[in-house]
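Worksheet: the structure to be examined is printed underneath.
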Amino acid sequence: MIRNFLFKTFFFFGIILISIIFIPALILPKYLTLLGGKIMGYWSKFCLYFFLSVKIEVIGKENIISNEKFFIACS
């Protein structure tokens, strides 16, 4: 119960802080917004591992297509 409370406290405090810091990124270049998202992912991973001892395993990384550009065709 204490671990759960600590996790929620630190997790939401970090997410709110990162969100406030990256508000200007909404009008700045796209890579800054992506950087904010990556930092949120790393923060989530850290909180899960540190407070709840959850290990994250990514399965299927070899199936991710990289170095290709995708677009949405408007008709």
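Position 1 is the first residue of the sequence; numbering continues from there.
Contact of the Leu35 side chain with the Tyr31 side chain is not registered, since no non-hydrogen atoms from C-beta on lie closer than 4.5 Å.
The distance from atom OG1 of Thr33 to atom NZ of Lys38, rounded to the nearest 0.5 Å, is 12.5 Å. Between Phe13 atom CZ and Ile18 atom CD1 the span is 10.0 Å, to the nearest 0.5 Å. Taken to the nearest 0.5 Å, the OG atom of Ser44 stands 7.5 Å off from the CD1 atom of Ile56. Between Ile27 atom CD1 and Leu32 atom CG the span is 11.0 Å, to the nearest 0.5 Å. Annotation: the span from Trp43 atom CH2 to Cys47 atom SG amounts to 4.0 Å, rounded to 0.5 Å. In this structure, CG on Leu52 lies 10.5 Å from CZ on Phe11, to the nearest 0.5 angstrom.
The cluster map of Ile, Leu, Val, Met, Phe, Trp and Tyr, joined by side-chain heavy atoms under 4.5 Å apart, puts Leu34 and Ile20 in different clusters. Ile21 and Tyr42 fall into different hydrophobic clusters, defined by Ile, Leu, Val, Met, Phe, Trp and Tyr side-chain heavy atoms under 4.5 Å apart, directly or through other members. Phe5 and Tyr49 fall into different hydrophobic clusters, where Ile, Leu, Val, Met, Phe, Trp and Tyr are joined by side-chain heavy atoms under 4.5 Å apart, directly or via other members.
Dense packing is recorded around CG of Leu28, with more than 12 heavy atoms of other residues, nucleotides or ligands lying under 6.0 Å away.
Relative orientation of the Phe51 and Phe7 rings is perpendicular, given thresholds of 30° and 60° on the angle between their planes.
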